[in-house]
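So the structure is just underneath, and the comments pick up after that.
Keep in mind that the numbers below use all heavy atoms, side chains included, and drop hydrogens, waters and symmetry copies.
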Amino acid sequence: MKVPLADLRAQYFELKTEIDQAIVEVIESTRFSGGTMVEQLEREIATSCGARHGIGVASGTDALTLSLVACGVERGDEVITTPFTFGATSEAIAQIGARPVYVDIDPCTFNIAASPIEARITSRTRAILPVDLFGQMADRQLLRELAQKHNLRLIVDSAQAIGASQNGTLIAEDGDTTTLSFYPTKNLGAYGDGGMILCNDDHIAERLRSLRGHGTQGHKYHYVQIGYCSRLDAIQAAVLQAKLPRLSEWNAGRRRNAARYTELLGPAASESGGKLALPTSEPSNYHVFHQYTVRHLHRDALKAFLKTRDIETDVYYPAALHLQPAYAYLGYREGEFPHAERAAREVLSLPIHPELAEEQLVYVAEQIASFGRP
């Protein structure tokens, strides 16, 4: 039985009529950049995530970069973030000349551990940039309190967590900005790159809209700041508009699949002698499971074994950022962030998309349980 890590083809045919119609409408309008389709999507996603403003941009990476600039982070400033995430988080900080300052993760949630952050704050710190990894929100209350106490910006990377909440609070209700990615395999994915910045501050929103359009304001040839070319294409907005009404249902499907995995794999984890660990959700979190990520002491062997059984898996992420060649200039050494380093050696993400059938879930669990048996 083949079990793909994602099944975008099945998702497309589920909504083929709506997606095709939306794309054709954009083509016939000949308004490919901006326009009512983009503006409507911005309003709807902002409202659904608890924000007053949505600013569509070209990618989730651009959403981070523009957020940092709009929040006043400059060359030489420090931004506290996590070493265990996709490279774009640190990349955005470095690209504007600021310095990533890492704090280790919580080994249970994989998110940045909030309590050690205060010890890393210096006179050069300008922002905290947590990541809502794998679909589970980082500790918003403590992060917000730290940011307010030290007069720092809170910029949240929620690329993997659209639709999540914590204690009933939506992802964009706290923080100066919250960033989204619409990469095709995200819970809400476009048919190419795309992103959005969510915020509740009118001044930041105005600056973001200027930044994404070459720094213009009021007139397309009136430049008030050095900007970027980072607009969300109307065709991508059309695809997202067609999919958005299904997001809650799809997230619920991911949660059901996660619960089923946990039920099926529970005995294997209990009998593994600590070799296999299942993901945990904080009780306060509505986890939307962009990934269902287990840990295994023999991760690489398990991954290879599952591949022979036609089960696709992936490793998010195989090396913590502080040990990557690109960030060697920061001067970190192996052993400084042991939880992140251990996670990079052990994590393995299983298929979790809402199109999975019950027999596929059972098959995956059976094969994991059989791994290592004589």
To check you understand the geometry: which heavy-atom pair defines the closest contact between [X] and [Y], and what is its length?
X: Val288; Y: Asn187; answer: O-ND2, 3.2 Å
X: Ala70; Y: Leu208; answer: CB-CD2, 3.5 Å
X: Cys49; Y: Leu198; answer: CB-CD1, 3.5 Å
X: Gly163; Y: Asn251; answer: CA-ND2, 3.8 Å
X: Pro130; Y: Leu154; answer: CD-CD1, 3.8 Å
X: Tyr316; Y: Val347; answer: O-CG2, 3.5 Å

Between [Y] and [X], is there a side-chain donor-acceptor contact under 3.5 Å, judged purely by atom types and distance?
X: Ser59; Y: Asp193; value: no
X: Gln225; Y: Ser210; value: yes
X: Arg209; Y: Gln217; value: no
X: Thr262; Y: Tyr292; value: yes

Exercise. Give the intermediate values and the outcome of side-chain contact (heavy atoms from CB on, under 4.5 Å) for residues Val26 and Phe32.
Key: CA-CA 7 Å; Val26 173; Phe32 302 113; 4.0 Å; yes

Exercise. Using the side chain to side chain donor-acceptor pair (under 3.5 Å) rule, take Ser158 and Thr178 through it: C-alpha gap first, then chi angles, then the decisive distance, then the call.
Key: CA-CA 6 Å; Ser158 286; Thr178 301; 5.2 Å; no

Quiz item: Could you state the interatomic distance from NE2 (His150) to CD1 (Ile80), rounded to the nearest 0.5 Å?
Solution: 8.5 Å

Quiz item: Can you tell me how far CG of Leu350 sits from CG of Leu361, rounded to the nearest 0.5 angstrom?
Solution: 10.0 Å

Please confirm whether the backbone N or O of [Y] pairs with a side-chain atom of [X], one donor and one acceptor, at under 3.5 Å?
X: Arg126; Y: Ser123; value: yes
X: Ser181; Y: Gly195; value: no
X: Gln166; Y: Ala138; value: yes
X: Arg299; Y: Ala344; value: yes
X: Tyr363; Y: Arg309; value: yes
X: Gln236; Y: Asp233; value: no
X: Asp176; Y: Ile155; value: no
X: Glu355; Y: Ala10; value: no
X: Asp77; Y: Glu74; value: yes
X: Gln148; Y: Glu145; value: no

Exercise. In sequence, state the C-alpha distance, the side-chain angles, and the governing distance for Leu146 and Glu118, and then conclude on side-chain contact (heavy atoms from CB on, under 4.5 Å).
Key: CA-CA 7 Å; Leu146 283 169; Glu118 192 162 27; 3.9 Å; yes

Quiz item: Regarding Arg342 and the six-membered ring of Phe337, is the cationic atom NZ or CZ under 6.0 Å from the ring centre and inside 45° of its axis?
Solution: no

Between [X] and [Y], is any pair of side-chain heavy atoms under 4.5 Å apart?
X: Leu240; Y: Ile45; value: no
X: Thr179; Y: Met196; value: no
X: Arg212; Y: Tyr228; value: no
X: Val79; Y: Val73; value: yes
X: Asp20; Y: Tyr12; value: yes
X: Tyr332; Y: Leu323; value: no
X: Thr81; Y: Val101; value: no
X: Val315; Y: Lys303; value: yes

Exercise. Kindly indicate, with the supporting measurements, whether the criterion side-chain contact (heavy atoms from CB on, under 4.5 Å) is fulfilled by Arg52 and Cys199.
Key: CA-CA 6 Å; Arg52 292 178 58 201; Cys199 70; over 6 Å; no

Regarding [X] and [Y], does a basic nitrogen lie under 4.0 Å from an acidic carboxylate oxygen?
X: Glu14; Y: Arg246; value: yes
X: Glu312; Y: Lys307; value: no
X: Asp310; Y: Lys2; value: no
X: Arg333; Y: Glu336; value: no

Quiz item: Between Phe134 and Phe110, does the ring centre distance come in under 6.0 Å?
Solution: yes

Quiz prompt | Between His296 and Phe371, ring centroids under 6.0 Å | solution = yes

Self-check item: Pair Glu334-His322, side chain to side chain donor-acceptor pair (under 3.5 Å): steps then yes or no
Solution: CA-CA 8 Å; Glu334 187 172 358; His322 68 287; over 6 Å; no

Practice problem: Report the residue from His287, Gln160, Arg140 that forms a side-chain hydrogen bond (donor to acceptor under 3.5 Å, both in side chains) with Asp132. | Solution: Arg140

Is there a path from [X] to [Y] through hydrophobic residues (I, L, V, M, F, W, Y) whose side chains come within less than 4.5 Å of each other?
X: Leu152; Y: Val131; answer: no
X: Phe289; Y: Leu356; answer: yes
X: Leu68; Y: Leu180; answer: no
X: Leu330; Y: Ile128; answer: yes

Quiz item: Could you walk me through whether Asp202 and His53 pass the side chain to side chain donor-acceptor pair (under 3.5 Å) check?
Solution: CA-CA 8 Å; Asp202 294 346; His53 301 281; 2.7 Å; yes

With a cut-off of 3.5 Å and sequence neighbours excluded, list every side-chain donor-acceptor pair involving residues 84-96.
from: Thr89; atom 1: OG1; to: Asp157; atom 2: OD2; distance (Å): 3.0
from: Ser90; atom 1: OG; to: Tyr102; atom 2: OH; distance (Å): 2.8

Quiz item: Above 12 or not: heavy atoms from other molecules or residues under 6.0 Å from OH of Tyr221?
Solution: no

Practice problem: Please assess Glu18 against Gln241 for the test side chain to side chain donor-acceptor pair (under 3.5 Å), listing each intermediate value before the final yes or no. | Solution: CA-CA 9 Å; Glu18 294 92 331; Gln241 276 276 25; over 6 Å; no

Exercise. Give the intermediate values and the outcome of side-chain contact (heavy atoms from CB on, under 4.5 Å) for residues Gln141 and Asp174.
Key: CA-CA 9 Å; Gln141 181 176 345; Asp174 291 325; over 6 Å; no

Quiz item: Taking Leu348 as the fixed residue, which of Asp300, Asp314, Thr293, Leu306 is the one that meets the side-chain contact (heavy atoms from CB on, under 4.5 Å) rule?
Solution: Leu306

Practice problem: Walk me through it: do Glu78 and Arg99 pass the test salt bridge (charged side-chain N to carboxylate O under 4.0 Å, His left out)? | Solution: CA-CA 5 Å; Glu78 294 178 350; Arg99 184 180 182 88; 5.1 Å; no

